Amino acid sequence: MDKHYDAKAVEEKWYAWWEQHGCFHAEPGDGGVPYSVVIPPPNVTGILHMGHALNQTIQDVLVRWRRMSGFNTLWLPGTDHAGIATQNVVEKALKKEGKRRQDLGREAFVERVWEWKRQYGGTIVHQQRKLGNSTDWQRERFTFDEGCSKAVAKVFCNLYDEGLVYKGNYIVNWCPRCGTALANDEVEHEPNHGHFWYIRYPVVDSDKGAAGEPYQDYVMVATTRPETLPGDTAVAVNPKDERYAHLLGKTVILPLTGREIPVIADDYVDREFGTGIVKITPAHDPNDFLVGKRHDLAEINIMNGDGTMNELAGAEYCGMDRFKCREAIVADLEAGGYLDHIEDLDNQVGHCYRCHEVVESRLSKQWFVKMKPLAEPAIEAVKSGEVRFVPDRWSKIYFNWMNNIQDWCISRQLWWGHRIPAYYLRGNEESVFVAETAEAALEKAKNATGDAALTLADLEQDPDVLDTWFSSWLWPFSTLGWPEKTDDLDFYYPTFDLVTAQDIIFFWVARMMMAGIHFMKKPPFKNIVIHGIVRDAQGRKMSKSLGNSLDPLELIEAYSADALRFSLALITSLDCDTKVDKEKFEIGRNFGTKIWNAARFMQMHAEKVPGFSFAANAGDRLVLNSGLLTADDRHLLLKCERVAAQITALLEKYRIQDGALAIYDFIWTDFCDWYLEYAKTGLYGEDETRRAQLLAIMANVFSRALRMLHPYMPFITEELWHQMGYGADGESIMTAPWPAAFADGDKQSWGLTDTVFNYVEQKRELVSAGRALRSNYNVAPAKFAHFIIHVADQASADLINADAESLKTLLRSDRLDVVTEGEKKAMPSSLVRLGTIYLPLEGLVDVAAEAARVKGELDKARGFLKGVEAKLGNAGFVAKAPAAVVEQQRAKQAELTETIAKLEKLYQAFTA
RNA sequence: GGGCAAUUAGCUCAGUUGGUUAGAGCACUACCUUGACAUGGUAGGGGUCACUGGUUCGAGUCCAGUAUUGCCCACCA
């Protein structure tokens, strides 16, 4: 084995090997209980970021563990066509050529996007391979591929036929830069330092003169958006507001336009805010739109789709950008004497989540999905426990959203996306025919009109495309072949776990629930595992603009993919967001180095044993040539078995972090720090049988440890699996069985008992105590003479004496004696006793310092004892606490009493 | 405004139905160029578990309130 582990070469080698050998591929016919997961498809324009790394590490740990546990495991990968994002990317590229998408025309533009996709769309899936994802690439899907598109069309048509899809006039969020409608949740609200303009609207009062006369009265309207003024069709006051009661039924003059508009009363108006009088612009504000509906007001759309004003805004503003127009209108209002004053106002302004442009409210015709009927069964599925959120608290947030669900605006004015399968008779938008294909629509049109002479040329398709999420919400079944009836669908649907971050619960998870239940009659997954967002060391969201993003690919370059994965698993918790810092990835790298060196150590010794085979000792049974196992051997085997069971239990509960910690601790502390050090005595000794036996034990335990670690660190474990010869026949560790418990018979014959386990635990404490002494007195190992362990009886003494050599190794002391109670009496008085360890007093110990230290310990022990005694003296405790806890306290009391007596004697020895 | 969380060592976080003297990693201190590994080993210092009450024999853990922080949703024209 090489001295240094070359992560880069190893990771590239094994990933290619796995893919070549079809290790990730799953088929329904492979046997086993199905375990399937669909990946949250990243945007095809995306590049791998830390969020993906975390999300996919969690999934791959679960997937690899299940696969090793014998499940028929499918992890299905793919990408999302990401309507706006992708269209923007290509439009930007076009801009460099001095062209706009309109210059190309729709078909050529879409073809251009496909071309871009073919060329660059593979970026993220190649980056995902570097993470080590065991996704079945043979099944890679794209939300805009043929199958998914078919599913989308069918779903749209079905929902339309059921009356759940409708087209309506509605105020939508509109991004002027992207030129499309946005769903409510695609709008991000951000604080804005704006202004509040106070404007006088003259009141038309028949008693005081007709319109056009000099005005006596006016109402004061406060607005943040003066540019929408030409679209006003009323001003509103609260019906309970006495201040303005006299205005009701009157009209006011809309400044600059001279138009007369009514004063109306509506509960929507807040008496306390502003002046208590609101201008109503139904075409440009969602609330005003609703007010307008209630009062049957005209809707005057004064703006174009690109954010410029149109002719309805008035000739002098037509063509002006909305923000320019704001300035112009304010200036004109001032000039006309209508502007009263301006105040500063902090409010929230919506921005497009894709391009960050200020979003406009705009009246337009859009397609919607009625969500309430879809939401109800999806709520029920979580309520009944059929689908579970992990952690559970997310179900509350899910219910909250689902219970207040709004209809979903699904049309987008883009070119890149699934075109809405709705057709109109040319020039007549009222004659709608919804069908999966143009031909089918034509048939419907013929039947409806009775005109058999109609041809495709008489139909035009709706120009809009569907929201990207309209394909993503079908992902768990469209990727398995729906609407065809396929074996894949039969076998792998519903999927088992869905792992995602909290930020797309509404966008995606909730909608998948609805689609899955509606079209498949079964929820699309059993467990929804929600993890936190990755943040930087200061707790800020990682973003390009802040420049605080860590690039997973750079981290892989610097530390290896295994290190990235393991460190992420170790520091992440499902319960909160994860803060990452570059330094944290050293944990994973160092752990890899540790394992690599442990393997080298074993191999070095194995070379000295002719014919030794790691593989022969890797199974569930230990191949022991001869000789008894020592207590330390048994302890290690037992611990290994316990850790495997522990990790299984933890992963079943999605406690990825605790599982990582358990295997880390076992390999580093138990295996390397204790067992390999202990084994050195035998490995460097004369007894060849014992050497072989030690290696056999290590070979067995290490094989299990590698398998337990494999879900977290797939590459180095695979490399070592082969380096050690476990996978000599070309078998991957990926498909090696998850470590099982030892057979009861074997446990019995090898003496794997709790008693032995506890004995070694105590022995470790002894050794630690010895090391502490040495450290406290700053004694070099060679000088540490007369290190004496005192035990109560001869049997224990014999047991420890049998290990004396290994104890010496662990303590690095040349002189070690084990004495019994009887022998103790003969010991020289120059030895002082601390606990069960004896230490030579003369020449080594600073008596005053030691006295002070012992005094400290004594006080501490007395304090503890006081606490324990108080507990035991409490009748309530003895009566109500579990018997085991009471017993524990009694034992503690006895132990402390003994310790205190010893310490008192020791203290006297020092102070005498 | 509504909702959901969080607050434990200098930092990042564990702490699983309330029960020994609250743990880990990093950082820090001392010693160790020991034969797998200095990306290492050994030992150690460091916490009145945000605050105030309550329930209990017993509270980091349960309840109420306060403070601070974060996130989500909805928003005032």
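Given the structure is predicted, the values throughout are model-derived calculations rather than measurements. Labels below follow one simple rule: chain letters A, B, ... track the order of the sequence lines, proteins then strands, and each chain is numbered from 1.
A side-chain donor-acceptor contact under 3.5 Å links A:S560 to the backbone of A:A563. In this structure, the side chain of A:T233 does not engage the main chain of A:L297 through any donor-acceptor pair within 3.5 Å. For A:S361 (side chain) and A:I171 (main-chain N/O), no donor-acceptor pair under 3.5 Å exists by modelled atom type. With A:D340 contributing its side chain and A:R200 its backbone, the two residues share no donor-acceptor pair below 3.5 Å.
Under the 4.0 Å criterion applied to side-chain N and carboxylate O atoms, A:K279 and A:D285 are not assigned as salt-bridge partners. Contact check on A:K680 versus A:E677 returns a salt bridge, with a Lys/Arg side-chain nitrogen under 4.0 Å from an Asp/Glu carboxylate oxygen. One finds no salt bridge joining A:R691 and A:E686 here, because no Lys/Arg side-chain nitrogen approaches an Asp/Glu carboxylate oxygen to under 4.0 Å.
Mapping A:W596 and A:P286 onto RNA chain B via the closest heavy atom, the residue that lands nearer the 5' end is A:W596. Between A:E586 and A:I397, the residue anchored nearer the 5' end of RNA chain B, judged by the nucleotide with its closest heavy atom, is A:I397.
Nucleotides B:G2 and B:A74 place their C1' atoms 7 Å apart, quoted to the nearest Å. B:U8 and B:G46: their C1' atoms are spaced 14 Å apart (whole Å). Across the P atoms, B:G54 and B:G41 are found 48 Å apart, a figure rounded to whole Å. On the P atoms, B:A43 is 31 Å away from B:U7, given to the nearest whole Å. Between B:U55 and B:A14, the two C1' atoms lie 27 Å apart (nearest whole Å). Going from the P atom of B:U61 to that of B:U48 covers 16 Å, rounded to whole Å. Straight-line distance between the P atoms of B:G10 and B:G58: roughly 30 Å, to the nearest whole Å. B:A6 and B:C13 have their P atoms separated by 13 Å, with the value rounded to a whole Å.
A:Q657 comes within contact range of the sugar-phosphate backbone alone, with a heavy-atom separation under 4.0 Å but no base atom that close. Residue contacts shown for A:N287 are limited to sugar-phosphate atoms, with no base heavy atom under 4.0 Å away. Within 4.0 Å of A:T593, counting heavy atoms only, lies at least one base atom of the nucleic acid. As judged by a 4.0 angstrom heavy-atom cut-off over every strand, A:R600 is placed among residues touching the sugar-phosphate backbone only. Residue A:D673 is in sugar-phosphate contact alone, with no base atom involved, counting any heavy-atom pair closer than 4.0 Å across all strands shown. The residue A:G194 sits apart from the nucleic acid: no heavy atom pair falls under 4.0 Å. Here A:S768 lies in heavy-atom contact (under 4.0 Å) with sugar-phosphate atoms only. Residue-level contact check: A:W668 touches the backbone only, with heavy atoms under 4.0 Å from sugar-phosphate atoms and none from bases.
For A:W394 and A:F389, the ring centers sit 6.0 Å or farther from each other.
Across all strands shown, B:G47 remains unpaired; no Watson-Crick or G-U wobble contact has both distances below 3.5 Å. Look at B:C76: it lacks any Watson-Crick or wobble partner with both distances under 3.5 angstrom. Of the nucleotides present, B:C13 is the one that pairs with B:G23 by Watson-Crick or G-U wobble criteria, both distances under 3.5 Å. B:U69 and B:A5 make up a base pair, with Watson-Crick or G-U wobble contacts both under 3.5 Å. Under the Watson-Crick and G-U wobble criteria, each requiring two contacts below 3.5 Å, nucleotide B:U56 is left unpaired.
Of all nucleotides listed (B:C37, B:A77, B:G35), B:G35 comes nearest to the side chain of A:Y684. For A:N590, counting side-chain heavy atoms from C-beta on, the closest listed nucleotide (B:U39, B:A77, B:U20) is B:U39. Listed nucleotides B:A36, B:U12, B:U20 differ in distance to A:H605; the shortest reach to its side chain belongs to B:A36. Taking the side chain of A:P882 as heavy atoms from C-beta on, and the options B:A77, B:G19, B:G25, the nearest nucleotide is B:G19. Side-chain proximity of A:D658 to B:A14, B:A36, B:U21: nearest is B:A14. For A:T224, the listed nucleotide lying nearest its side chain is B:A77; candidates were B:U21, B:G40, B:A77. The side chain of A:I587 lies closest to B:G25 when the candidates are B:G25, B:A77, B:A36. Of the candidate nucleotides B:U56, B:U20, B:A36, B:A36 has the atom lying nearest to any side-chain atom of A:E677. When distances run from any side-chain atom of A:R771 to the nucleotides B:C73, B:A77, B:A43, the shortest one goes to B:A43. Here the side chain of A:K892 is nearest to one of B:G19, B:U20, B:C57, namely B:U20.
Distance CD1 (A:I280) to P (B:A77): 12 Å, rounded to an integer number of Å. The CD atom of A:Q888 sits 14 Å away from the C1' atom of B:G58 (whole-angstrom rounding). Between A:D562 atom CG and B:U39 atom P the separation is 20 Å, expressed in whole Å. Separating the CZ atom of A:F196 from the P atom of B:C76 is a distance of 11 Å, rounded to the nearest angstrom. Rounded to an integer number of Å, the gap from A:D665 CG to B:G25 C1' is 11 Å. Note: CH2 (A:W394) to C1' (B:G3) measures 12 Å, nearest angstrom. For A:R393 and B:A5, the CZ to P distance is 6 Å, given to the nearest whole Å. For the pair A:Y398 OH and B:G3 C1', the interatomic distance rounds to 18 Å; values are reported in whole Å.
Looking at A:K396, its side chain has no donor and acceptor atom pair within 3.5 Å of the base of B:C4. The base of B:U39 is not paired with the side chain of A:K594 by any donor and acceptor separated by under 3.5 Å.
Side-chain contact check for A:T669 and A:D665: at least one donor-acceptor pair (N or O, by modelled atom type) lies under 3.5 Å.
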